[in-house]
Amino acid sequence: MLRLLIGTGVLLMTVGFGAAGWQYWQSLPKSAPAEPVAAAVAVPAPGVQSWLISPAGGLIPQAEVQAYLAQDRFVPTRTVRIERQANLVDLLAAGEKLPEPAFLQVLADIRAPKVADGLCPILKEALAEDCAVQSARVVEGSVDPVQGTALFQIELVYRLRTEGVEMPDLAAHVLRSDDLALDLEAGAEGTASPEAALRATLAAVSEACAAETVGEICRPMLIGFDWTPGQPVSARAGIAWLDPLPKGMFVAPPLDTAPGG
């Protein structure tokens with residue numbers, strides 16, 4: 001009889017806890033989720049070269065070719081990736097309070113897109129023709145109920161401004177690239193917020209593209225940084241540019257496709 005009473009009590013507690021959680025989840029104002037941006041199928045316009053070659057004479061993988069050339073659409077290999085800490089109270093609607101610790105993960109999951117607010121306008125100010133939030137999600141297990149914080153991963157896709165940019169003869173050039181670790185503390189105009197860190201990162205990318213060792217039409221490919229209040233910002237970027245064919249190299253259009261497409 002005692003076992004039956006104990007078992008019944010545990011079952012009622014479980015049902016009650018689950019019901020409370022469900023009611024809280026239902027009561028949350030729903031933020032519009034960051035919908036994945038579908039990448040268009042690569043269909044080059046008539047007469048537009050859709051291949052590039054490396055300094056060693058091999059074909060550049062199509063994913064990298066699209067990231068560099070396909071500025072008429074979003075492509076999944078041309079992104080800004082940000083990992084940032086955020087206060088959970090900043091995700092609340094007016095008059096709303098934080099839930100019990102057991103439901104903080106639910107709140108963070110639902111409101112994750114809010115942490116990407118204000119980032120696309122900065123990207124468009126600096127270099128992008130268009131920008132969209134590809135994804136925004138909370139890092140699993142990162143919710144700190146004591147500090148009231150969590151880590152979020154944000155991914156933006158973008159198209160570069162290309163008006164007035166005339167491409168040289170692509171068949172007479174090779175695509176070079178470099179992966180950079182960016183020092184934002186040297187000369188950066190503050191990194192006290194993710195927005196400031198993004199501005200500083202974009203400024204560092206522009207400076208890297210202006211270096212004497214970088215050739216024509218330098219473009220960012222991947223950009224990223226990690227931001228935590230009071231901590232140094234870890235930023236990185238991949239850039240690519242065109243250099244003339246090395247002497248003695250002659251290129252014919254490929255008969256087969258490049259790796260990856």
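What you see below is based on every heavy atom in this structure, not just the backbone, and it leaves out hydrogens, waters and symmetry mates.
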Q. Just by modelled atom types, is the Q231 backbone N or O under 3.5 Å from a matching donor or acceptor in the T228 side chain?
A. no
Q | Electrostatic pair R159-E129, nearest N-O below 4.0 angstrom | A | no
Q. Looking only at atom types and distance, does a side-chain atom of Q71 sit under 3.5 Å from a main-chain N or O of L160, one as donor and one as acceptor?
A. yes
Q) Does E100 use its side chain to pair, donor to acceptor, with the backbone of A102 at less than 3.5 Å? A) no
Q. Which atoms form the tightest heavy-atom contact between V233 and D226, and what is the distance?
A. CG1-O, 3.6 Å
Q) Can you tell me if S206 uses its side chain to pair, donor with acceptor, with the backbone of L202 under 3.5 Å? A) yes
Q. Applying the 4.5 Å side-chain criterion to the ILVMFWY set and letting contacts propagate, would L151 and L98 be lumped into a single cluster?
A. no
Q.
If you compare all heavy atoms of L107 against all heavy atoms of L88, which two are closest, and at what distance to 0.1 Å?
A. CD2-O, 4.4 Å
Q: Mark yes or no: R219 above the aromatic ring of Y68, with NZ or CZ under 6.0 Å from the six-membered ring centre and no more than 45 degrees from the axis.
A: yes
Q | Shortest non-hydrogen separation from E195 to D117 and the atoms involved | A | OE2-O, 3.9 Å
Q: State whether the side chain of W227 and the backbone N or O of T191 hold a donor-acceptor pair below 3.5 Å, judged by distance alone.
A: yes
Q.
L119 and side-chain contact (heavy atoms from CB on, under 4.5 Å): which single residue from I154, V80, V133 fits?
A. I154
(Q) Which heavy atom of Y158 sits nearest to which heavy atom of A128, and what is that distance? (A) CB-CB, 4.1 Å
Q | Donor-acceptor under 3.5 Å (D144 side chain, V146 main chain) | A | yes
Q: Working to the nearest 0.5 Å, report the span between CG of D130 and SG of C120.
A: 8.0 Å
Q) Got a donor-acceptor contact below 3.5 angstrom from the S54 side chain to the A56 backbone? A) yes
Q: For residues L69 and L170, determine if any side-chain heavy atom of one lies less than 4.5 Å from a side-chain heavy atom of the other.
A: yes
(Q) Is it the case that the side chain of R176 and the backbone of W241 share a donor-acceptor pair, with hydrogens and angles ignored and the cut-off at 3.5 Å? (A) no
Q. Given side chains that start at C-beta, do those of R84 and V115 come closer than 4.5 Å, heavy atoms only?
A. yes
Q) Can you tell me if CD on E125 sees more than 12 non-hydrogen neighbours from other groups inside 6.0 Å? A) yes
Q. Just by modelled atom types, is the K124 backbone N or O under 3.5 Å from a matching donor or acceptor in the R161 side chain?
A. yes
Q: Report the C-alpha distance between R137 and S135 in whole Å, list the side-chain angles of each, state the deciding distance to 0.1 Å, and finish with yes or no for side-chain hydrogen bond (donor to acceptor under 3.5 Å, both in side chains).
A: CA-CA 7 Å; R137 58 188 180 273; S135 64; 3.1 Å; yes
Q. Are P220 and L127 side-chain neighbours, meaning at least one heavy-atom pair lies under 4.5 Å?
A. yes
Q: State whether the side chain of Q66 and the backbone N or O of T77 hold a donor-acceptor pair below 3.5 Å, judged by distance alone.
A: no
